[in-house]
Amino acid sequence: MSMNNPKQRLLLSGNPRGGSSSCIKSRFTRGFLRALIKMKKQNYNQPTSSSSSSSSRREAFRRYRRVKIAADKSMAVAAGSKRLWSRAMLSRIRHHQQQTWRYHRSTFNHQPIKVKRLVVEKKKKKKKKKKKKEEERTGDHHHHRPRGLRDAGELRKLVPGGEGMDICSLLDETAHYIKCLVTQVQVMKSIDQFYSIN
């Protein structure tokens with residue numbers, strides 16, 4: 001699966017008059033295919049694990065996560081650094097990779113995984129309690145807010161980096177983010193169809 005292959009050239013060819021959306025589409029396709037090639041090479045180099053159902057399920061989930069992260073990263077890079085959501089998404093991916101690296105490093109140092117999970121769960125519970133108390137103190141309950149603010153709150157949860165945006169920026173970034181998600185789905189479908197036929 002090399003980039004000089006006619007298959008890749010056919011996938012990458014888009015309408016040059018399509019404007020910025022076709023430019024994002026071709027940049028995303030290139031980045032995503034490169035990431036898939038890299039993942040395929042890494043899978044060849046890794047030793048095969050035992051074929052039990054639980055380990056195969058774990059492996060399938062791990063691959064799904066890697067493909068999703070590769071797709072999101074390629075999309076954010078294709079959108080460019082001018083967009084707030086793309087910067088937030090890249091920052092989130094970097095943070096996730098650092099956390100994963102720290103987790104693997106600590107497991108190699110023989111720290112028990114169950115203890116770590118308990119600590120993480122306790123922290124989450126504390127955060128939830130703190131948030132609930134804060135809402136009770138300020139009287140900022142979800143049901144008492146006007147509908148427009150509730151909808152904006154839902155958008156903030158969906159769009160990467162939406163928490164720190166004003167309403168105008170949020171709407172603009174949401175529109176662009178949805179357009180990029182549609183592009184991502186189209187490209188991934190075409191890649192899937194192309195390789196399932198050949």
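What you see is a predicted model, and the numbers here were worked out from it, not measured in a lab.
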Audit row: Asp172, Arg83, side chain to side chain contact (heavy atoms under 4.5 Å, CB included) steps and yes/no: CA-CA 10 Å; Asp172 180 47; Arg83 286 287 166 183; 3.0 Å; yes
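From Thr174, atom OG1 reaches atom CD of Glu154 across 12.0 Å, with rounding to the nearest 0.5 Å. Between the CG atom of Leu33 and the OG1 atom of Thr29 there is a distance of 6.5 Å, given to the nearest 0.5 Å. Here Leu171 contributes atom CG and His176 contributes atom NE2; the two are 15.0 Å apart, rounded to the nearest 0.5 Å. Here the CD1-CD1 distance, from Ile69 to Ile93, works out to 6.5 Å after rounding to the nearest 0.5 Å. Atom CZ of Arg34 sits about 9.5 Å away from atom OG of Ser74, to the nearest 0.5 Å.
Put simply, the side chain of Arg27 does not reach to within 4.5 Å of the side chain of Val77, judged on heavy atoms.
Relative orientation of the Phe28 and Phe32 rings is parallel, given thresholds of 30° and 60° on the angle between their planes.
Under a 3.5 Å cut-off, the side chain of Ser169 and the backbone N or O of Met165 do not form any donor-acceptor pair. In this structure, the side chain of Ser91 does not engage the main chain of Arg87 through any donor-acceptor pair within 3.5 Å. For Gln184 (side chain) and Ala71 (main-chain N/O), a donor-acceptor pair under 3.5 Å exists by modelled atom type. Here the side chain of Ser86 pairs no donor or acceptor atom with the backbone of Lys82 at under 3.5 angstrom.
Among all heavy-atom pairs drawn from Trp85 and Val159, the shortest one is CB-CG1, 3.9 Å. Cys180 and Met75 get closest at one heavy-atom pair: O-SD, 3.4 Å. Taking every heavy atom of both residues into account, Ala152 and Ile167 meet most closely at CB-CD1, 3.5 Å. In terms of heavy-atom proximity, Glu173 sits nearest to Leu84 at OE1-N, 3.1 Å. The two atoms that bring Ala70 and Met39 nearest to each other are CB-SD, 4.2 Å, heavy atoms only. Summarising the geometry of Met89 relative to Ala76, their closest heavy-atom pair is SD-CB, 4.0 Å, with the distance given to 0.1 Å.
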